[in-house]
Amino acid sequence: MSNLTLSRRVSTLKPSITVALNSRAKALKASGVDILGFAAGEPDFDTPQPIKDAAIKAMLDGQTKYTPTLGDMKTRECIANKLVNENGIAGLTGEHIAIGVGGKHVLYSSIQCLFDFPEDGEEPWEMLLPTPAWVSYRPICELSGGVVREINAGPESDFRITAQQLKDTITPRSRLLILNSPSNPCGTMYSEADLRALAQVIHEAREIAPNLVVLSDEIYEKIVYGETKHFSIGSVPEIADRVITLNGMSKAFAMTGWRIGYVAMPGEFGKQLIKGIGTLQGQMTTNITSFNFAAIREALTNPEVAQTVDMMRRAFASRAKLIMNRLSEIPGVTCPTPTGAFYVFPDVSALFGKTSAGGTKIIDSPSLSEAMLDEAHIAFVPGDDFGGISGNHLRISFACSDEQINAGMDRFKSFVEGLS
Ligand code: PMP
Ligand code: GLU
């Protein structure tokens with residue numbers, strides 16, 4: 001027997017349930033089981049052709065060598081222009097942009113640059129996390145020595161926290177507030193008025209929490225289909241120098257496998273942060289794949305691509321309607337209407353305490369998800385790891401065809417009808 005062990009940091013790290021469940025569903029499908037997967041946080045569409053062509057051309061043209069660590073300046077400037085012109089975030093130049101290997105990577109790097117492990121007698125830095133929240137924010141914060149303070153919201157407010165809740169949570173050790181609108185896992189959004197109210201609280205907290213910064217994860221910004229328009233909190237002048245805006249190519253352009261994400265922060269501290277990310281990346285991954293820079297520029301500037309993005313948006317809008325109709329037929333399952341991203345997050349707690357047709361006692365969201373995978377062959381993500389009240393919920397991704405949504409909801413309905 002070997003007495004070798006992994007670091008405590010890694011051996012206690014919680015695996016990502018979204019990644020794990022999606023991989024499991026895909027493996028079961030590959031082994032011949034008729035699984036209908038609703039776990040994947042990725043568009044089912046292919047990457048638009050002009051983006052692929054741009055990458056192929058760049059590769060053929062010989063763009064196959066190391067590039068500057070944070071990306072070539074032309075591409076960083078192209079991203080800065082997008083954020084200034086589309087999102088109204090003033091004062092950004094290429095120097096304020098870092099490009100990394102996916103939104104997850106630049107999130108990790110940003111947090112590494114902001115958090116420290118506490119030294120003797122010091123209180124740890126806090127991440128303020130409105131929940132339900134994507135499963136990766138907490139572990140990445142904890143890996144960096146921070147502690148998470150959840151701010152819980154529920155379906156009655158479309159999973160939005162209030163300005164008062166934020167105000168009540170801020171302390172002198174507050175380092176980072178995470179905002180994610182449209183939301184994974186909720187599919188709901190903050191309005192401009194909501195975000196302005198939160199911005200006002202951040203502005204007024206300058207004295208109490210001088211180190212507080214906001215990270216606004218806007219990776220689903222292009223996938224919105226309700227009355228609420230996407231709004232970037234980094235465009236509010238009073239707090240603009242305290243806002244990191246995170247985005248990437250994965251969701252808007254159906255490019256999850258390409259692994260491209262970026263962060264932006266204006267001002268002097270913004271430049272420092274981006275430089276810090278460069279130092280970190282220089283010891284980790286160096287640049288992203290060299291021929292992807294041309295693809296980023298193509299995605300952000302080609303009007304034909306913008307039309308395809310809008311086509312995908314409309315498809316998600318119609319699927320959101322379909323899945324809400326189908327869920328309303330299932331007794332004991334309730335959920336706010338999604339207006340963004342491609343998730344619904346229904347409350348399924350009315351099913352707890354029952355027994356499935358296959359004899360499984362449903363005690364919580366994981367046992368429900370497990371029984372549905374085994375017996376109904378549908379893969380939904382259990383809520384627990386999304387924090388706060390999420391244990392009463394399941395996450396269903398509707399980034400799939402109408403046929404699959406209908407077939408999956410048929411199975412879900414008969415599974416629930418078979419409970420006793
Ligand atoms: N933020 C949120 C809210 C997400 O759902 C995802 C999906 N993985 C990401 C960031 C990161 O995506 P990626 O690493 O593919 O850019
Ligand atoms: N963000 C997606 C999801 O939530 C992809 C998997 C992941 O990175 O978590 O399913």
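Just follow the structure's listing: the first ligand is 1, and inside any ligand the first atom is 1. Computed from a predicted model, the values in this text were never measured in an experiment.
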Using a strict cut-off of under 4.0 Å between a residue heavy atom and any atom of ligand 1, list the qualifying protein residues by chain and number. Gly102, Gly103, Lys104, Trp134, Tyr137, Asn180, Asn184, Asp217, Ile219, Tyr220, Ser250, Lys251, Arg259
For atom 6 (C) of ligand 2, which of Thr18, Val135, Val381, Ile219 has the closest heavy atom? Thr18
Evaluate Thr339 against Val224 for side-chain contact (heavy atoms from CB on, under 4.5 Å), listing each step before the verdict. CA-CA 6 Å; Thr339 58; Val224 298; over 6 Å; no
I need the minimum non-hydrogen distance between Phe316 and Phe45, along with the two atoms involved. CZ-CE1, 3.8 Å
Test: Arg326 and Asp410 ion pair at under 4.0 Å: yes
Pairs where residues 261-314 contributes a residue and the test ring pair (Phe, Tyr, Trp, His ring centres under 6.0 Å) is met, not counting sequence neighbours: none
Can you list every ring pair (Phe, Tyr, Trp, His ring centres under 6.0 Å) pair that touches residues 47-73, not counting sequence neighbours? none
Minimum-distance protein heavy atom relative to [atom]:
atom	value
atom 1 (N) of ligand 2	Lys251 NZ, 3.3 Å
atom 8 (O) of ligand 2	Lys104 NZ, 2.8 Å
atom 10 (O) of ligand 2	Arg395 NH2, 2.8 Å

Check: Phe342 ring centre within less than 6.0 Å of Phe38 ring centre: no
According to the salt bridge (Lys or Arg N to Asp or Glu O under 4.0 Å) rule, which pairs have a member within residues 253-266, sequence neighbours left out? none
Name the one of Tyr343, Phe412, Phe398 that satisfies ring-ring contact (aromatic ring centres under 6.0 Å, His included) with Phe380? Phe412
Could you list which atoms of ligand 2 come closer than 4.0 Å to a heavy atom of Asn184? 1 (N), 3 (C), 4 (O)
